[in-house]
Amino acid sequence: MAQLDLASAAPPRPALAERSPLRHVDVPLVLSAAVLATYGLLMIYSATHRGLIDFNLNPAYYLKRQGMFLVLAVISMVVTMSIDYRYARIYAPFIYLLAVAMLVLVRTPLGHSALGAQRWFQIAGFQLSPSLFSRLALIVMLAGFLSSIKGEVTLPFVFRAVVLAAVPILFVFIQPDIGTSIILAAVLVGQLVVSGTKTRYLAILALAAAIAIFGAFHLGVIKDYQIQRITTFFGKSAADAQTADYNRQQAEIAIGAGGLTGRGYLHGTQTNLDFVPEQHTDFIFTAVGEELGFTGALVLLLLFAVVLWRCLRIAMLSKDPFGTFLCVGVATMIALQMFVNIGMNVGIMPITGIPLPFMSYGGSALIADFIGIGLVLNVRMRRFI
Amino acid sequence: MKVMAALVVVMLAALTTRLWFLQVLASPKFVRLANDNQVRLVPIEPLRGDVLDRNGKVLVGNRPSTVVLVDRRGMRGQEEEVLFRLSNLVHVPVSDMLDQLNSVKYLPYQPVPVAEDVPERAIFYILEHHDQFPGVSYEVDPIRSYPDGSLASHLLGYVLPISADQLKEKAFVGYRPGELVGYSGIEAFYERLLHGTPGRREIQVNAQGTVLDENFGVQDPVPGDNLVLSIDGNVQRLAEKSLSLGIRLARQTYDSASGKDYRATGGAVVVMDPKTGRVVAMASYPTYDPQIFLGGLSQGEFRSLTAPGSNNPLVDRAMQGLYPAGSAFKPFVAAAALKEGFATTDGLYDCPSGYSAPVDPTRHIFHNWSPVNYGPISLPEALAISCDTVFYQFGYDFWLRYHRSGGDELMQQDLWRMGFGKRTGIDLPGEQGGLVPTNNYVKQVYAANPKVYGPFYGWLPGDAINLSIGQGYIEVTPLQLAEAYSAIANGGTLYAPRVAWKVLSPDGAVRQVIQPQVIGRLPIPRKEVLFLRQALMGVTISGTARQAFLGFPLDRIPVAGKTGTADVIPHQPTSWFAALAPAGDPKYVVVAMVEQGGHGATTAAPIVRRILEGLFGLTTNNLRAGQVAD
């Protein structure tokens, strides 16, 4: 792909007042993200209220918490929007190093973990997963690095970009958080594609990745329990495959039972009777599929289409390559998560721990998603200044 | 950038396609799966139909039984202790309880019954010490009841939980493990009618198996139909009592041939309405108590039923016992002889004390039962005094015809047409068809055991002569004789006997009347049938059963009958008596048989007499043996 001719893409400069950033907030993007998040709140309530009632708890417990996260996420988005994204380019190395440092620190006694799950920091009663913010850091870092390249993206540049991405990928991978490492890798590939990297370099990259993963298995770098988790990811370990199979079956039953128009909000038996595990987080889409049917699922996909269309469109409208790379990175992050998550819900992708952006229960992810949207909005807002 | 946009479009398209498949094309399947997921079905047993006698009296019904149930989910990990305590209380071994608890018959959501017919005080104890019996509950369930104990037990049959083999059979499609099904008798033959349709309770559960709603949906069971039999409970009781009395008497009677008392190992009585073929009573001895099958047979009960000394109480001798008919067969040989022209209604036949076939080079002498030479006598006289030698001549005539025609087995064909050698088609399972020997059959017997029988020379005069007096290879069931005598009684029509009369719906409406079925006719004209019926009156007036019917008001209630004493080497003879009464227009045919019971006139005839006394409202006395005559 040819390098973007950004000068010709930019319209003639309008008057100063018209160039005020606030006038250029991308309304469709904000709206669709907000609608997705609200949609998420409704489905989280549906997926959790019955179980909470059974335990004599407030049925809106998860709803309230997610609502609070949403407020925090919107604040984070506004904060992100208000600072010119070009500062991010300057501070990219610091942001990147901070994220890597957090990934290291979470492995010290400062971090918490449970049942071999990904690690987090406990801050004021909330769990903060550094791996989620590592995505944003990598997007910024790679955008900064790739936009600084003058001329053709040669193999040494590709190599350096890979090294930049490999560090957080490795740390996230051994947490183990395979889902996030896939997303990080996808962000790298997405941004390289847009940067005009030659296809053969990308092919070499794919080959190297395959060899690295293969080698990691056979040299015993990866611990047993990690192998187990990875084989689960590929659906190959007998015991775990059974669990994964159960998840998949129940998810398919839920979605299939929804039919064209669904069984009605709060009326899905698969959803209400707890047959789908992890339903308020990774399997939130099954609640949509069962209770609101094909129609509800299509609305959801449409909302994601709007978000992605706006992200890519803003990438093209960006004043500078840095903005373009930022937007592409965020779009890749959202697109891949959406595809892998819904894909595993409907049974066409392996089951991995990737949440559905904007919708799955979880504060860190929601905040990270909205900061990503904030970055894209930021690029669009400042395309004239 | 176009690549990115294209990728996004492909992703969205892939997801939409998959969703279209899952939610629109394959949706019905998933809806079903989702419903199966949340609903567990617990069957509700239907109430089994009652079996009533012709007067509406309940022969088999249902009674409440207190059942103790154990729910493993509620036992709080004290399974062993609780079962041990329960075992001491209700006297069921812990191992039996565990078998029940582990049985596939019950769903994990279902409390499992571990003891039936639990006495009230045991229930009170459980209620008072509830903390010692977590997970233990009780309910009152219907179980089969037999108000008259063992009355008509063979005929009625019993119920048992369906077997694994039966579950695979076509006849039991739709049955589940653990359901009770009829195993014999009426209970088995009319299983589908009596069973009813199970209902079901739907229980809603969540993914953890926690019950959310015990009555998510209920489909009530449909009770089974009630069945009215043509059996008269009073006559049945009379028949059984008379039979057992007769057998007890035979066991005190000295048999000069064997030098011992008669063993009288078993017997049977059939009382039929000859005009319809409906069975009024059908008894078999020894009998059993159908209640022992409730809740399954114990080892001890099984042993007692199958012990050699118990003489196979489960066999219904009336339709499953095979015996030579002896002289009770003679009326049918006479009918065959009339049919083929070997005998006429006005002919006279020699009755010497011995007979040998003219073609027999060894001049083997077949003896009459009596050493007296009666000279030429008529056919009615031959039947009344049961003259064997007259019938030997008929047998020989049949053999000659067979021999000269090159293999026409006329005698056998006529006997088949009278219902012998095949099942009567009664509405009871497991009926035996008996046997009329033929050249081919004898050939097979010889071939199967050449050491015993030696070389086979074909169907010989001796075979025909033996058959002519109901001896040798011939095998009949008491029911077959009752069917054939009924045909003599009603002028020649053979009915397939029927036990069931009416099918009633649970609310008492008549759903169906079971019609008697005509299956054939005796091969002689009605006039000759009535001639035979008339001839048989001589048996009680002046013939072999004269002594047995002394004092019976024959002038008011004439009885046609026939005695039979069938030799079964090496055992004691089988005693037979068949009666038609009143002889002018018979309402009843009564056939009695006692295995190893001696002479027909001494053992079987008094049994029949006592039953006739009861049927016609005469005072019934204890049995007195008749005279020793064939």
Side-chain angles (χ1 to χ4, degrees), chain A residues 1 4 50-51 54 190 193-194 246 249-250 252-263 268-270 272-277 285 289-290 293-298 300-302 304-305 308-309 311-313 315-316 324 328 331-332 334-336 338-340 342-343 345-349, chain B residues 1-42 71 73-74 76 107-110 200-219:
Chain A
M1 179 178 281
L4 287 167
R50 181 85 179 249
D54 288 348
V193 166
V194 175
Y246 174 79
Q249 271 172 20
Q250 296 301 335
E252 276 188 21
I253 290 171
I255 292 168
L260 202 57
T261 52
R263 310 181 117 193
T269 55
Q270 290 284 100
N272 276 315
L273 304 182
D274 208 12
F275 281 104
V276 184
F285 183 79
E290 187 184 22
F294 186 63
T295 322
L298 217 57
L300 186 139
L301 289 180
L302 230 78
F304 271 109
L308 294 172
W309 164 57
C311 288
L312 292 178
R313 178 75 189 145
M316 287 171 78
T324 303
V328 168
T332 314
I334 293 171
L336 194 88
M338 174 206 72
F339 182 68
V340 174
I342 299 180
N345 273 263
V346 299
I348 57 173
M349 293 294 282
Chain B
M1 197 63 81
K2 279 182 192 157
V3 174
M4 293 303 293
L7 274 176
V8 168
V9 170
V10 168
M11 284 177 178
L12 290 171
L15 293 177
T16 310
T17 313
R18 176 67 178 169
L19 281 170
W20 176 259
F21 169 75
L22 281 181
Q23 299 197 287
V24 180
L25 300 181
S27 183
K29 174 185 138 195
F30 289 113
V31 170
R32 207 183 58 238
L33 285 172
N35 285 336
D36 290 354
N37 242 347
Q38 61 154 342
V39 172
R40 300 285 178 270
L41 298 177
V42 173
D71 188 346
R73 293 172 300 170
R76 304 200 293 255
L107 299 167
Y109 310 91
Q110 213 181 347
R200 60 186 196 192
R201 198 170 70 222
E202 296 178 349
I203 293 181
Q204 193 189 29
V205 297
N206 66 9
Q208 284 76 43
T210 312
V211 174
L212 302 177
D213 187 352
E214 287 271 6
N215 294 303
F216 190 62
V218 175
Q219 194 186 330

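Applying side chain to side chain contact (heavy atoms under 4.5 Å, CB included) to B:Leu15 and the options A:Ile348, A:Asn345, A:Leu298, A:Leu300 leaves one that passes, A:Ile348.
Per-residue heavy-atom pair counts under 4.5 Å with chain B were compared for A:Gly268, A:Ala331, A:Ala257, A:Gly190, and the maximum is reached by A:Ala257.
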Given the rule in the side chain to side chain contact (heavy atoms under 4.5 Å, CB included) test, do A:Arg263 and B:Val31 qualify, once you have shown the distances and angles that lead to the verdict?
CA-CA 10 Å; A:Arg263 310 181 117 193; B:Val31 170; 3.8 Å; yes

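Here CZ of A:Phe304 is found 9.5 Å from CG of B:Leu12. Values are rounded to the nearest 0.5 Å. Note that the NZ atom of B:Lys2 and the CE atom of A:Met316 stand 8.0 Å from one another [nearest 0.5 Å].
The pair A:Glu252-B:Lys29 does not count as a salt bridge, with every side-chain nitrogen at least 4.0 angstrom from each carboxylate oxygen.
For B:Arg200, the side-chain contact (heavy atoms from CB on, under 4.5 Å) criterion is met by B:Leu41, B:Glu202, B:Gln219, not counting sequence neighbours.
Shown here for B:Phe30 and A:Gly256, the closest heavy-atom pair between the two residues is CB-C, 3.4 Å. A pairwise comparison of heavy atoms in B:Ser27 and A:Gly259 identifies OG-CA, 3.2 Å as the closest pair.
Panel note: side chain B:Gln23, backbone A:Phe294; a donor-acceptor pair is recorded below 3.5 Å.
The contact between A:Leu308 and chain B is made entirely by side chain atoms (from C-beta outward), counting heavy-atom distances below 4.5 Å. B:Ala5 touches chain A through backbone and side chain together, each having a heavy atom under 4.5 Å away.
Side chains of A:Phe285 and B:Leu19 form a contact here, defined as non-hydrogen atoms less than 4.5 Å apart. In this structure, the side chains of A:Leu336 and B:Met11 come closer than 4.5 Å at one or more pairs of heavy atoms.
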